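Computed from heavy atoms alone, side chains included, the values below leave out hydrogens, waters and symmetry copies. In the text below, chain A, chain B and the rest are named by the order of the sequence lines, each starting its count at 1. Keep in mind that this is a model prediction, so the values were computed, not measured.
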Amino acid sequence: MELHKTQQLQIYNSLSKKKETFTPIHEGAIGMYVCGPTVYSNVHLGNCRTFLSFDLVFRYLKHLGFKVRYVRNITDAGHLENDADSGEDRIAKKARIEEIEPMEVVQRYTIDFHNTMAKFNALPPSIEPTATGHIIEQIGIIEEILKKGFAYERNGSVYFDVLKFNESHQYGKLSGRNLEDMIANSRELEGQSDKKNPQDFALWKRAEPQHIMRWTSPWSDGFPGWHLECTAMSTKYLGEQFDIHGGGMDLKFPHHECEIAQSEAFCSKTPVNYWMHANMLTLNGQKMAKSTGNNILPNEIFSGENTVLAKPFSPTVTKFFMYQAHYRSILDFSSDALEAAEKGYNRLMDAINQLDKLPTGNETTMDIAAWKQSCYDAMNDDFNSPILIAQLFEAAKFINSVKDAKASITAEDLATLKTTLHAFVFDVLGLQEVAAGSQNTGKLSGAVELLIQLRNEARANKDFATSDKIRDELATIGIQLKDGKDGTTFSL
RNA sequence: GGCAUCGUGGCCGAGGGGCUAGGCACCGGUCUGCAAAACCGUUUACUCCGGUUCGAAUCCGGACGAUGCCUCCA
């Protein structure tokens, strides 16, 4: 029997601001849409946190035995830097700066995004559609919304009529805003605008002559509005109503609000049952953002080439660090916090590596079944990875106690412990063993092994001057020797 | 200014009316030729002021502070 029939999942729904028992529209199958990146520059760590949060969701839902269709888009159409009919298309801007085609920009940073997510061991989504690949679908939706009277055309652009929509629907229900307040607080738009009201948003924009990324439409040669692509692609691949829609907290307003409005205007149905928002990753207490430059690139973390961290950290440690915080909490990125996470991660992995060497006995001095359920309870409670990890450390402590003969475990319970640990650590959290290393490290380890051997000979002869010299000189190079019961190991 | 979220021990971070996670650091122990590493054990807490309650870090109100959104952003 599938696990989801016995494990009851609670999800915090941004729409109701409450945890709700999760029930999919179709039993056993889930449709999930997550807003992907705009590919006009390298994906930064803040972006990654959101996608890793939803990778955890995807992995756990699959672990529970659901059939999940996970759609995550690539925004590759050029959208303007601001909404005031001025500003440049950011992809075209990058293309101009780098003197390449806009689609080269898109290609380059899409590849960077995929490479980076692969380093983090994130699973690829089931479908990864692009905005430019769905221009026809977007035009179709605009035509329908125009027909329903919730949009108007001005000078080749089409705008969504928010005030009109609000007469019969509720605009702002996701982000907790009401339209009257927004109108009262709205600023005058700079420059000229074709909009009837500042709250209206573009479904289609007529392209200025210098605008490179453009497509033919019934209204003008132009490009689709930003919010529309998600409505078009989620509807196409998941249907007019689907289970989960995710994205970063910063997309809640206006992006997701506009998506809801478009869908409701288009097909008169509430599109999403469970809205999930991942919180921001901050750096120096401020949100990471491409536009402000307050960000760090994943590769800068892995290589150590940055001004923030004392040393390099592997992708899996970086991910483990993120999962020690709940996805709905703001997480601040710092060297100290990462170092603490790395030590904890190593301890956990060392314990897991002990599993195969563990002696078994006639009784188990820990309630394995209760522990296992507590792992599920943690994840069932709105994907609470910090609690799950706390439970994993409880298991690590127990493993070490068994190793020291201070506790015992039966062969049967050991099998359960091992299966459960592997399921949560590798399948659900998607952590990885740190790679064994290249050929060069193979040669290096041979050399260090030789030094260890020489040191041990010196120690046997009580020639501590020599043995300490080997140990200390290696330490200054950055190679640490670790004397254990079963001999000496080293770490770089 | 409006709308939200949040303020937890040296640090990071869960929890959420009485049973008070976890990681890192510190300290104590085991181990060691001495160390380090590893392992085990352990201390320190809920921004402030009111209120509700037998009891509040947890609920309510207020103050102060932080962050996010209100213009593109995960």
Side-chain angles (χ1 to χ4, degrees), chain A residues 14 17 34-38 40-41 43-54 75 79-84 86-87 89-90 172 175-178 181-182 184-187 189-190 198-199 226 246-255 257 277-282 285-292 295 320-321 324-326 328-334 336-348 350-351 374 378 381 384-394 396-397 400-401 403-404 406 459 462 464 467-468 471-472 475 480-485 488-491:
Chain A
S14 300
K17 296 187 171 61
V34 172
C35 294
T38 303
Y40 71 96
S41 66
V43 64
H44 66 69
L45 194 67
N47 297 304
C48 293
R49 185 190 182 198
T50 294
F51 302 127
L52 289 173
S53 293
F54 288 105
T75 298
H79 295 300
L80 299 184
E81 289 179 304
N82 64 52
D83 205 25
S86 61
D89 157 4
R90 64 191 67 256
S175 54
R177 286 154 214 255
N178 74 70
D181 289 349
M182 289 170 56
N185 291 313
S186 67
R187 285 177 267 156
L189 285 175
E190 290 168 30
Q199 285 70 37
W226 173 42
M249 197 75 94
D250 51 351
L251 299 184
K252 206 170 179 181
F253 186 89
H255 184 58
E257 207 70 76
H277 290 95
N279 219 137
M280 300 292 98
L281 186 67
T282 60
Q286 302 283 125
K287 175 191 173 186
M288 279 193 202
K290 290 175 187 171
S291 52
T292 58
N295 63 49
F320 182 73
F321 159 73
Q324 277 191 305
H326 186 83
R328 280 191 288 115
S329 296
I330 292 169
L331 176 62
D332 193 56
F333 189 76
S334 73
D336 287 350
L338 262 160
E339 279 182 67
E342 181 174 55
K343 286 179 187 168
Y345 170 85
N346 287 335
R347 198 160 81 82
L348 185 60
D350 286 346
S374 71
D381 185 11
N384 198 321
S385 55
I387 300 257
L388 170 63
I389 289 171
Q391 293 305 325
L392 299 178
F393 277 112
E394 293 300 328
K397 190 176 286 185
N400 288 326
S401 297
K403 188 180 141 204
D404 289 355
K406 288 172 186 158
R459 291 172 73 197
K462 298 206 187 300
F464 297 124
S467 69
D468 287 356
R471 177 223 280 162
D472 298 340
Q480 185 187 32
L481 299 187
K482 299 174 184 176
D483 295 331
K485 278 204 174 70
T488 303
T489 57
F490 70 95
S491 67

Check: Of all residues at least two apart in sequence or in a different chain, which pass the side chain to side chain contact (heavy atoms under 4.5 Å, CB included) check with A:Thr75?
Finding: A:Thr38, A:Asn73, A:His79, A:Trp226, A:Glu229
Check: Which one, B:C69, B:C24, B:U67, comes nearest to the side chain of A:Ala340?
Finding: B:C24
Next item on the list: Pick base, sugar-phosphate or nothing for A:Glu394, based on heavy-atom distances below 4.0 Å to the nucleic acid.
Entry: sugar-phosphate
Item checked: A:Lys343 vs B:A25: side-chain N/O to OP1/OP2 distance below 4.0 Å -> yes
Next item on the list: Grab the CD-P distance between A:Glu257 and B:C70 for me, whole Å please.
Entry: 12 Å
Notebook entry, point to check: Does A:Ala378 offer a backbone N or O that forms a donor-acceptor pair with the side chain of A:Asn384 under 3.5 Å?
Noted result: no
Next item on the list: Could you tell me whether A:Asp468 and A:Arg471 make a salt bridge, using a distance below 4.0 angstrom between a side-chain N and a carboxylate O?
Entry: yes
Could I get a table of every N or O pair under 3.5 Å where one atom is in the protein and the other is in nucleotides 33-37 of chain B?
residue: B:G33; atom: O6; partner: A:Arg459; partner atom: NE; Å: 3.4
residue: B:G33; atom: O6; partner: A:Ser467; partner atom: OG; Å: 3.4
residue: B:G33; atom: N1; partner: A:Asp468; partner atom: OD1; Å: 3.1
residue: B:G33; atom: N2; partner: A:Asp468; partner atom: OD2; Å: 3.1
residue: B:C34; atom: N3; partner: A:Arg471; partner atom: NH2; Å: 2.4
residue: B:C34; atom: N4; partner: A:Arg471; partner atom: NH2; Å: 2.8
residue: B:A35; atom: N6; partner: A:Asp483; partner atom: OD2; Å: 2.4
residue: B:A35; atom: N1; partner: A:Asp483; partner atom: OD2; Å: 3.3
residue: B:A35; atom: N3; partner: A:Arg471; partner atom: NE; Å: 3.3
residue: B:A35; atom: N3; partner: A:Arg471; partner atom: NH2; Å: 3.1
residue: B:A36; atom: O2'; partner: A:Gln480; partner atom: NE2; Å: 2.8
residue: B:A36; atom: N1; partner: A:Asp483; partner atom: N; Å: 3.1
residue: B:A36; atom: N1; partner: A:Asp483; partner atom: O; Å: 3.1

Notebook entry, point to check: If we take the P atom in both B:G55 and B:G50, what is their distance in whole Å?
Noted result: 15 Å
Check: Which nucleotides of nucleotides 12-18 of chain B have their base under 4.0 Å from a protein heavy atom (B), which only their sugar-phosphate (S), and which neither (-), written as one string 5' to 3'?
Finding: SSSS---
Next item on the list: Specify the residue among A:Asn400 and A:Ala289 whose closest nucleotide of RNA chain B lies further upstream toward the 5′ end.
Entry: A:Asn400
Next item on the list: Could you pull out all residues at least two apart from A:Thr488 that satisfy side chain to side chain donor-acceptor pair (under 3.5 Å)?
Entry: A:Asp483
Notebook entry, point to check: So does A:Asn178 get a side-chain nitrogen or oxygen closer than 4.0 Å to the phosphate oxygens (OP1/OP2) of B:C3?
Noted result: no
Notebook entry, point to check: Mind checking the P distance from B:U8 to B:C3? Whole angstroms is fine.
Noted result: 25 Å
Checklist line | For A:Gln324, side chain to side chain donor-acceptor pair (under 3.5 Å) partners two or more places apart | finding: none
Checklist line | Sugar-phosphate, base or nothing in reach of A:Gly172, heavy atoms under 4.0 Å | finding: nothing
Notebook entry, point to check: Using atom C1' of each nucleotide, how far apart are B:C60 and B:U53 to the nearest Å?
Noted result: 12 Å
Next item on the list: Tell me which nucleotide among B:G68, B:G22, B:C39 gets nearest to the side chain of A:Arg347.
Entry: B:C39
Note to self: Taking pairing as Watson-Crick or G-U wobble with both contacts under 3.5 Å, can you name the mate of B:A66, or confirm there isn't one?
What the structure shows: B:U5
Check: More than 12 heavy atoms of other residues, nucleotides or ligands under 6.0 Å from NZ of A:Lys462: is that the case?
Finding: no
Which pairs of donor and acceptor atoms, one on a side chain in residues 336-344 of chain A, lie under 3.5 Å apart (sequence neighbours left out)?
residue: A:Glu342; atom: OE1; partner: A:Lys311; partner atom: NZ; Å: 2.3
residue: A:Glu342; atom: OE2; partner: A:Lys311; partner atom: NZ; Å: 3.3

Next item on the list: Answer yes or no: side-chain N or O of A:Arg177 and base N or O of B:C70 forming a donor-acceptor pair under 3.5 Å.
Entry: no
Notebook entry, point to check: Whole-Å distance between B:U5 P and A:Asp250 CG?
Noted result: 17 Å
Item checked: Candidate nucleotides B:C3, B:C72, B:A74, ranked by approach to the side chain of A:Asn47 - the nearest -> B:A74
Margin query: From NE2 of A:His277 over to C1' of B:C6, roughly how many Å is that when rounded to an integer?
Written below: 18 Å
Margin query: What's A:His44 touching, base or sugar-phosphate or nothing? Going by heavy atoms closer than 4.0 Å.
Written below: base
Next item on the list: Have a look at A:Glu342 and say if it touches a base, only the backbone sugar-phosphate, or nothing, with a 4.0 Å heavy-atom cut-off.
Entry: nothing
Checklist line | Protein-nucleotide distance (A:Gln199, atom CD; B:C69, atom P), rounded to Å | finding: 19 Å
Notebook entry, point to check: Quick one: side chain to side chain contact (heavy atoms under 4.5 Å, CB included) partners of A:Ala325, sequence neighbours excluded?
Noted result: A:Arg49, A:Leu331
Next item on the list: Please state how far atom CG in A:Leu348 lies from atom C1' in B:C39, giving the value in whole angstrom units.
Entry: 15 Å
Notebook entry, point to check: When you measure from the side chain of A:Thr50, which nucleotide among B:G23, B:A4, B:A74 comes out closest?
Noted result: B:A74
Next item on the list: With sequence neighbours left out, write down each residue that passes side chain to side chain contact (heavy atoms under 4.5 Å, CB included) with A:Ala390, or none if nothing qualifies.
Entry: none
Next item on the list: Return the value, rounded to whole Å, for the distance between atom NZ of A:Lys397 and atom C1' of B:A21.
Entry: 11 Å
Margin query: Can you check the distance between B:G18 and B:U30, where both ends of the measurement are the C1' atom (answer in whole Å)?
Written below: 38 Å
Next item on the list: Write down the distance between NZ (A:Lys287) and C1' (B:C70), rounded to a whole number of angstrom.
Entry: 12 Å
Notebook entry, point to check: Of all residues at least two apart in sequence or in a different chain, which pass the side chain to side chain donor-acceptor pair (under 3.5 Å) check with A:Ser41?
Noted result: none
Note to self: Applying a 4.0 Å non-hydrogen cut-off, can you work out what A:Gly285 is touching in the nucleic acid: base, sugar-phosphate, or nothing?
What the structure shows: sugar-phosphate
Item checked: Sugar-phosphate only, base, or nothing, as touched by A:Gly176 at under 4.0 Å among non-hydrogen atoms -> sugar-phosphate
Next item on the list: Whole angstrom is fine here: how far is it from CG in A:Leu392 over to P in B:G23?
Entry: 11 Å
Note to self: Please report the distance separating the P of B:G17 from the corresponding atom of B:C6, rounded so that it comes out in whole Å.
What the structure shows: 14 Å
Check: When you check the phosphate oxygens OP1 and OP2 of B:A21, does a side-chain N or O of A:Gln391 lie under 4.0 Å from one of them?
Finding: no
Check: Any side-chain N or O of A:Lys17 less than 4.0 Å from the OP1 or OP2 oxygen of B:U5?
Finding: no
Checklist line | Test log, rule side chain to side chain contact (heavy atoms under 4.5 Å, CB included), inputs A:Asp250 and A:Lys287 | finding: CA-CA 10 Å; A:Asp250 51 351; A:Lys287 175 191 173 186; 3.3 Å; yes
Next item on the list: Would you please name every residue forming a side chain to side chain contact (heavy atoms under 4.5 Å, CB included) with A:Lys406, sequence neighbours left out?
Entry: A:Ser401, A:Asp404
Notebook entry, point to check: How far, in whole Å, is B:G29 from B:A36 if one measures between their P atoms?
Noted result: 12 Å
If you restrict it to nitrogen or oxygen atoms, what contacts under 3.5 Å exist between nucleotides 26-29 of chain B and the protein, and what is each distance?
none

Item checked: Partner set under salt bridge (charged side-chain N to carboxylate O under 4.0 Å, His left out) for A:Arg328, not counting sequence neighbours -> A:Asp382
